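Below is one structure, written out as structure tokens; the observations come after it.
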Amino acid sequence: RKTVSIEIEDSIITVTSSRYKASLVTTQTDPQVVVPKDIRKGGDGKRVVLSAKFVNTMAEMLPRLDLKPLLSTYDSLPIGVKATSKGTFVAAFDNYQSAFFMDKTLTEGDFEIQLPTNLFLNLSKEVKDKYKMCMTDNAVYAWNDTFELSAVLATADDQIQLSQMIDLYHTLKSSDKGHKLVFQTQGIRDLIDNSRAVYEKDSVFEFNADSKKIRLDLRSSLGNMSTLIKLETGPKTPVQFTCDFGFFSQLLSKAPETLTMHVNESMLMFSNGKITYLLSLI
């Protein structure tokens, strides 16, 4: 409705708009403290100030880092941020998949935080100006002049930590990334689109590549599906792996049209712009 009229009398709120009318009974509530005074004044916990540049960069990049957890261990992947005077490393990750980037222009200072991706994603969508954030052992608080937020943090016992992702990032920079394959992703996208015919939870995906082509097979109790993709650049020796189709299809949905993928005995990896995506092979 374009216009409404609101009248407040005693404990009744009356809302009217043209032929619409509603009377609502109000109840007395105590004022809610979202961010405690001791947190605002720099009490226990790590406190940081996130600049508008940092906030805007997160708003641009976080949707591309948003990987959905495919296990019931937690509702949202954790996201970690490690900021130093030499740049900022950001990663969304679990034990099976990850997306990360390093931005050397974000030199906010010296801090490290880790929280659910959906929380950071919602903040980046709604808040376009700088804000303060404080993390304690079990909660996170964020605020500026226009909003306040508090949320309880929950972590899984077997969840990997940001420090492990940073170690992996430095290892990948200096190590052999395995077999290199270059191909158009349309064939994989077609397989993903058509997978509804045979897909079920825990469907097995098989990837086989030689120097000229890739064979992709999806197998389940409902049936089998396969496709062939021509390689622009093939591996020197045949490449084969099997993995969960759900994880594979989610990660490949982030891939560019022409994909340069690296595969070794434990993972596959590719980049799309500044962001690198990685899937652990089990």
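Since the model is a prediction, treat every value here as computed from it, not as a measurement.
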Once rounded to the nearest 0.5 Å, what's the spacing between atom [atom1] of [X] and atom [atom2] of [Y]?
X: Met133; Y: Tyr141; atom1: CE; atom2: OH; answer: 13.0 Å
X: Tyr131; Y: Ser51; atom1: OH; atom2: OG; answer: 10.0 Å
X: Ser280; Y: Tyr96; atom1: OG; atom2: OH; answer: 9.5 Å
X: Leu149; Y: Asn144; atom1: CG; atom2: CG; answer: 11.0 Å
X: Thr88; Y: Glu112; atom1: OG1; atom2: CD; answer: 11.5 Å
X: Leu218; Y: Ser203; atom1: CG; atom2: OG; answer: 5.0 Å

When you compare the side chains of [X] and [Y], does any donor N or O come within less than 3.5 Å of an acceptor on the partner?
X: Glu9; Y: Thr14; result: no
X: Thr26; Y: Ser11; result: no
X: Gln240; Y: Glu206; result: no

Margin query: Using every non-hydrogen atom in the two residues, find where Gly273 and Arg64 come nearest and quote the distance to one decimal.
Written below: CA-NH2, 4.0 Å
Next item on the list: With sequence neighbours left out, write down each residue that passes ring-ring contact (aromatic ring centres under 6.0 Å, His included) with Tyr277, or none if nothing qualifies.
Entry: Phe270
Next item on the list: Give a yes or no on whether Asp145 atom CG has more than 12 heavy-atom contacts from other residues, nucleotides or ligands under 6.0 Å away.
Entry: no
Margin query: Walk me through whether Glu257 and Gln184 qualify under side-chain hydrogen bond (donor to acceptor under 3.5 Å, both in side chains).
Written below: CA-CA 6 Å; Glu257 294 301 320; Gln184 298 297 310; over 6 Å; no
Note to self: With salt bridge (Lys or Arg N to Asp or Glu O under 4.0 Å) as the criterion, how do Lys274 and Glu60 come out once you've worked through the C-alpha distance, each side chain's angles and the decisive distance to 0.1 Å?
What the structure shows: CA-CA 11 Å; Lys274 295 181 179 179; Glu60 176 189 356; 6.0 Å; no
Next item on the list: Run the salt-bridge test on Asp217 and Arg215 with the 4.0 Å N-O cut-off and return the result as yes or no.
Entry: yes
Margin query: Membership question, hydrophobic clusters at under 4.5 Å side-chain separation (ILVMFWY): are Leu228 and Phe245 in the same one?
Written below: no
Notebook entry, point to check: Which pairs, with at least one residue in residues 159-187 and sequence neighbours excluded, count as a ring-ring contact (aromatic ring centres under 6.0 Å, His included)?
Noted result: Phe89-Tyr169
